[in-house]
Amino acid sequence: MNVQHPTSNVQLSTVGNLPRASAVKYDLEERLLEYAAQIIFLVEKLPTSRSGNHSAGHLLRCGTSPLPNHGEAQAAESAADFIHKMSICLKELRETRRWLRLVKKLSWGKVPGENDGLLAETEELIKIFASSIRTAKENKIKRKNVPPSADLR
């Protein structure tokens, strides 16, 4: 059984006192694609020293990993499989955050503060994935606690 898990979001804005969906639709896959591209652009700017190459390799692997792993999560075969694959994305994003902080600490960016936006996006993606995992776990528990006869209503 292949369960599709949509992950796009619609930004909510406030019109009066009522939240309304705006015309801007955020697709997590596109966001992760842009994120991976930005990681690659950054990696290409890192110094070609022993430490620069070491850091670049790790950052390239963990920073681009959420994009394909998110695709795997969308094609998860069960709720547990979805949670597991989303957890891999979260783990890789947390590792990316650490490498980005190191790059910032060493001032390897060409322009001071140049990578602040990438760090901010990493933080937002971490929150999105953590929230999605939490919701999936809650939904899994709810499904376990529903008696089989309740599905027939």
Side-chain angles (χ1 to χ4, degrees), residues 1-14 19-144:
M1 176 171 116
N2 187 0
V3 179
Q4 291 293 322
H5 298 277
T7 56
S8 62
N9 296 322
V10 175
Q11 182 182 18
L12 294 179
S13 59
T14 306
R20 307 256 321 204
S22 72
V24 180
K25 185 175 180 180
Y26 290 98
D27 183 342
L28 188 53
E29 180 180 346
E30 288 300 315
R31 193 167 172 175
L32 289 170
L33 179 65
E34 179 62 28
Y35 181 77
Q38 291 302 317
I39 291 290
I40 291 169
F41 293 141
L42 170 62
V43 164
E44 292 299 319
K45 293 179 184 177
L46 295 181
T48 54
S49 62
R50 186 173 177 189
S51 57
N53 290 338
H54 173 79
S55 300
H58 282 285
L59 184 56
L60 184 62
R61 282 187 290 280
C62 63
T64 58
S65 173
L67 175 64
N69 279 302
H70 174 258
E72 289 291 317
Q74 286 182 305
E77 296 177 3
S78 66
D81 190 32
F82 176 77
I83 292 166
H84 172 71
K85 288 173 178 166
M86 293 292 280
S87 295
I88 292 170
C89 294
L90 179 59
K91 178 182 82 73
E92 296 292 339
L93 286 163
R94 287 179 172 153
E95 182 180 349
T96 302
R97 175 176 55 193
R98 300 232 174 174
W99 285 108
L100 288 172
R101 290 182 65 221
L102 179 61
V103 166
K104 182 177 179 174
K105 179 80 171 172
L106 295 170
S107 302
W108 279 347
K110 301 292 182 195
V111 178
E114 172 183 32
N115 302 324
D116 290 349
L118 199 48
L119 255 172
E121 178 68 354
T122 304
E123 293 296 337
E124 286 186 29
L125 288 169
I126 286 170
K127 289 176 184 175
I128 289 167
F129 278 89
S131 177
S132 184
I133 292 165
R134 189 171 35 257
T135 300
K137 285 179 179 179
E138 290 168 0
N139 289 342
K140 186 178 171 191
I141 290 168
K142 286 177 187 174
R143 280 192 301 272
K144 267 186 172 178

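As a basis for the values below, the full set of heavy atoms in this structure was taken, side chains included, without hydrogen atoms, waters or symmetry mates.
The side chain to side chain contact (heavy atoms under 4.5 Å, CB included) test applied to N53 returns T48, not counting sequence neighbours. Remark: A37 pairs with F41 by the side chain to side chain contact (heavy atoms under 4.5 Å, CB included) rule, at least two apart or across chains. Not counting sequence neighbours, R98 has no partner by the side chain to side chain contact (heavy atoms under 4.5 Å, CB included) test.
W108 has its side chain out of reach of L102: every pair of non-hydrogen atoms, C-beta onward, lies at least 4.5 Å apart. Side chains of R31 and E124 form a contact here, defined as non-hydrogen atoms less than 4.5 Å apart. Side-chain contact between T96 and L125 is absent, with no heavy atoms from C-beta onward closer than 4.5 Å.
Listed by first and then second residue, the side-chain hydrogen bond (donor to acceptor under 3.5 Å, both in side chains) pairs involving residues 59-68 are S65-N69 (not counting sequence neighbours). The ring pair (Phe, Tyr, Trp, His ring centres under 6.0 Å) contacts involving residues 44-69 comprise H54-H58, H54-W99, H58-W99, where partners must be two or more places apart or lie in separate chains.
Between the CG atom of L118 and the NZ atom of K104 there is a distance of 11.5 Å, given to the nearest 0.5 Å. For the atom pair I133 CD1 and L90 CG, the distance stands at 4.5 Å (nearest 0.5 Å). Taking NE2 of H70 as the start and CG of L93 as the end, the distance is 11.0 Å to the nearest 0.5 Å. Note: K91 NZ to C62 SG = 8.5 Å, rounded to the nearest 0.5 Å. Taking OG1 from T122 and NZ from K127, the interatomic distance works out to 12.0 Å, rounded to the nearest 0.5 Å. Expressed to the nearest 0.5 Å, how far CG of N139 lies from OG of S132 amounts to 9.5 Å.
Taking every heavy atom of both residues into account, L46 and L59 meet most closely at CD1-CD2, 4.4 Å. In terms of heavy-atom proximity, I39 sits nearest to L60 at CG2-CA, 4.4 Å. In terms of heavy-atom proximity, L67 sits nearest to E29 at CD1-O, 3.7 Å.
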Give the table of side-chain donor-acceptor pairs shorter than 3.5 Å for residues 79-89, with sequence neighbours excluded, one pair per line with atom names and distance.
unit_1 : atom_1 : unit_2 : atom_2 : d
D81    : OD1    : K85    : NZ     : 3.3
D81    : OD2    : E77    : N      : 3.0
D81    : OD2    : K85    : NZ     : 3.0
S87    : OG     : I83    : O      : 2.7

Trace of the side-chain contact (heavy atoms from CB on, under 4.5 Å) decision for R143 with K140: CA-CA 5 Å; R143 280 192 301 272; K140 186 178 171 191; 4.1 Å; yes
